[in-house]
Number of protein chains: 2
Amino acid sequence: MQTITWNQQVVKRNNKSLVLQTIIEKEPVSRADIAQITGLNKATVSSLVNDILEENLIFESGPGESSGGRRPVLLHFNKTAGYAIGIDIGVNYVLSILTDLKGNILIEKNQPIKNVAFEAVTDVVSEMIRSLILEMPESSYGAVGIGIGVPGIVDKQGTVLFAPNLNWSNISLKQHIEEEFKLPVLIENEANAGAYGEKQLGAGQSFQDIIYVSAGIGIGAGIILNGELYQGKNGYSGELGHVIIQANGKKCSCGSQGCWEVYASENALLEMAPQQDATLESLVALAEENDSEAIALFEKIGASIGIGVNNIINAFNPEQVIIGNRLVVAKQWLEKPILETIQTHTLPFHQKEVQLQFSRLSVHSAALGVSAFVVENFIRDGVTVL
Amino acid sequence: MQTITWNQQVVKRNNKSLVLQTIIEKEPVSRADIAQITGLNKATVSSLVNDILEENLIFESGPGESSGGRRPVLLHFNKTAGYAIGIDIGVNYVLSILTDLKGNILIEKNQPIKNVAFEAVTDVVSEMIRSLILEMPESSYGAVGIGIGVPGIVDKQGTVLFAPNLNWSNISLKQHIEEEFKLPVLIENEANAGAYGEKQLGAGQSFQDIIYVSAGIGIGAGIILNGELYQGKNGYSGELGHVIIQANGKKCSCGSQGCWEVYASENALLEMAPQQDATLESLVALAEENDSEAIALFEKIGASIGIGVNNIINAFNPEQVIIGNRLVVAKQWLEKPILETIQTHTLPFHQKEVQLQFSRLSVHSAALGVSAFVVENFIRDGVTVL
DNA sequence: AAACTTAGTTTGGTCAATATACAAACTTAG
DNA sequence: CTAAGTTTGTATATTGACCAAACTAAGTTT
């Protein structure tokens, strides 16, 4: 049984968080505006704002326009009160970014990797973090945390249980990085991270129920319900790539048969290509030259993606489906077959208002997602403790 | 933006609810126990308990066992302070129950129907409600509400958007019943109701993430995440019966192809049966006589159910999957092929700890689910208003 | 210049939770 | 059969958070 008791401290913490969130979303904004938006009393807002001012998370600027009376003091979110580090570990690269508290990228580093052994990768990651911290501007709070996205199954303790493409299993990544840097560290599945990134900073900002499909070498998915990432029982859900769309179909590397990703991923694309040495990029190049074979290939993949998206819509009835990761470069040829498949398969009631979109943050979805996560944790826990 | 402000009233409401919930779950229980369990101060508990006593929702009984000091006053939930009405509208029957506030069934009425026209069905429903109210014992609050489960898509306003098997569309059921009885009315999809029933009173009581598969004439699903029913954007989610498990497969009545329910529902079973006039009951009778053809048929259906359950587990990573509704009578022959399909298809990490179970409430899942919903709403809203 | 508006602060009040002290009722050791 | 210790539950005063209302500040409108 969950035993959360409610008292005045909880009330204050929540209201303070509400005021801060309002400032972040609506800046510049006056105290009077906040009172109006939140329904809190002017006096309460004033008091809470003063608390937050002392914490350096917001600042005042010169008076704004009068609307017929005294001019308001405008409040702004101090997005450079601290910085977050976001890392995206891919199968053949490590991408790292330093962002301010609003998710703007200040520094970006990208390093190809060949050796995917745990020690080799974490060496690269550590080195990148060190250099980001060195190059970071001065600020009140410094680095507020490190977020890492991983292409694999991660549990709630930050252990990478299984990452087939990296050949990792049971790696205590969070503990390892936390010990080295003594900062809050958070590990998330790459698709979950991408979903959160798009929700906070990209294509999904005005939606509450979003499914983000990470269509890359395999297929993963991040599921956002009621505005929050759904994590399943053990923290690992969203293995939508292994939903069966063809009973007794082609063998999948997971041991099952007929999984979605066998028909709709980058791997599926390359396997179906007639060329021996095809890459996603080479096929896109062909399609751009109007090569009908390449275009037909993309359309076939698109139809298969559509089958899975149909399943997602019927199962979750989300407001929005976002397609992300590498296959986005072929959007031009994929979009139509996906939409057609939905139109001919999905229940009309579910189809009616759902939005299909492609990633807006491109390669940064996952890194921005974990960095946004870090910021959220900092704002929620870190500051109220002060 | 959601603008929930927090104040002392909210605190009190939540703490009061916490205390009442504790009494319901742990009765008989003393004030001191509650303070210990909830973390609230003894005095606070005392005051809140007195409030709830005045509302007649709990009562005191003689002193309990001493544990070395003064003997405690035991508190009990007054489960007969009011009664809830639960209705399950099926394709060829209407089942109605009167329950106390703990979900015990006091009166049950079941009436077969042939005419599924809206007016005919609501006449039956109204008549049943009237007679239940007449037969209801005296109590402080009387009938606290009416819940109705419907085999179709229901929106958050209680309108039945589409119920193919009843041939209903756009029926303002909630409004209609509310006007007649002047009681709170709540409409829910049959599978959602069943899921909630099993969660509160049946097989799912100790789990937080549950998928309830309603395997009947069609297939529906109720999705419980973090202990709460997931309702999707418009209140209609969980159309898992129309997830595609065979791309370009058999035509489905929904207009799509290869939907799960085309392969795994009661309809699928009857269609595959060699006998012209087969029914679920006749096939079960055959299987009980060891008819190998009938048994093979159930096993085939079981394997198809397994494919869909695999998809559910990989997508949601739930703690428990409950199979309910009519096909449960064939549990004996279905269980093994379902489990085998999961073992050979589902990701090992997801498979590891998930429970597969069959409904414990049998035909009452849905009716008990809506009735439990009514009780919950009453306890949460109804009483705090007093 | 007077009247009105709007922004933000100060003051005093209310309410819920809490700490503390205490009474009631029971057990146990000698 | 006491006396000491425990446990349950209540009474009282305090704390702290929000709020309403009065007030100051700084503008606009007529």
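Just so we're on the same page: letters track the sequence lines, and every chain starts at 1.
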Rounded to the nearest 0.5 Å, the CG atom of B/N14 sits from the CD atom of B/Q21 at a distance of 11.5 Å

Distance check, rounded to the nearest 0.5 Å: B/E27 atom CD versus B/I58 atom CD1?
10.0 Å

For B/E178, the side chain to side chain donor-acceptor pair (under 3.5 Å) test, sequence neighbours excluded, returns none

With sequence neighbours excluded, what pairs up with A/Q320 under the side chain to side chain donor-acceptor pair (under 3.5 Å) test?
A/Q357

For the pair made of CD in A/E65 and C1' in D/dT28, what is the distance, rounded to whole Å?
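After rounding, the gap between these two atoms is 12 Å.
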
Going by the rule side-chain contact (heavy atoms from CB on, under 4.5 Å), which residues pair with [X] if we only count those two or more places apart in sequence or in a different chain?
| X | result |
| --- | --- |
| B/V144 | B/A84, B/L101, B/Y141, B/V374, B/F378 |
| B/E376 | B/Y196, B/Q200, B/R380 |
| B/K79 | B/F77, B/D100, B/K102, B/N104 |
| A/V73 | A/R31, A/E60 |

Interface with DNA chain C, restricted to residues 29-36 of chain A and to heavy atoms under 4.0 Å
A/S30, A/R31, A/A32

Expected list for residues 67-75 of chain A near DNA chain D, using heavy atoms below 4.0 Å, is A/G68, A/G69, A/R70, A/R71

Test your reading of the model: is there a side-chain donor-acceptor pair from B/Y230 to the backbone of A/F316, 3.5 Å cut-off?
yes

Sub-3.5 Å pairs of nitrogen or oxygen atoms, protein against nucleotides 15-21 of chain D:
unit_1 : atom_1 : unit_2 : atom_2 : d
D/dG16 : N2     : A/Q8   : OE1    : 2.9
D/dG16 : N2     : B/Q8   : OE1    : 3.1
D/dG16 : N3     : A/Q8   : OE1    : 2.7
D/dG16 : N3     : A/Q8   : NE2    : 3.4
D/dA17 : O4'    : A/Q8   : OE1    : 3.1
D/dC18 : OP1    : A/N15  : ND2    : 2.9
D/dC19 : OP2    : A/N41  : N      : 3.1
D/dC19 : OP2    : A/T44  : OG1    : 3.2
D/dA20 : OP2    : A/N41  : ND2    : 3.0
D/dA20 : N7     : A/N41  : ND2    : 3.3

Between B/L20 and B/L57, is a side chain to side chain contact (heavy atoms under 4.5 Å, CB included) present by the stated rule, with each step listed?
CA-CA 8 Å; B/L20 179 54; B/L57 285 179; 4.0 Å; yes

Stems involving DNA chain D, each a run of at least 3 consecutive Watson-Crick or G-U pairs under 3.5 Å
C:1-30 with D:1-30

Selection residues 14-53 of chain B - residue pairs positive for ring pair (Phe, Tyr, Trp, His ring centres under 6.0 Å), sequence neighbours left out
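Residue pairs with at least one partner in residues 14-53 of chain B: there are none.
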
Residue pairs involving residues 24-73 of chain A (criterion ring pair (Phe, Tyr, Trp, His ring centres under 6.0 Å); sequence neighbours excluded):
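Residue pairs with at least one partner in residues 24-73 of chain A: A/F59-A/H76.
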
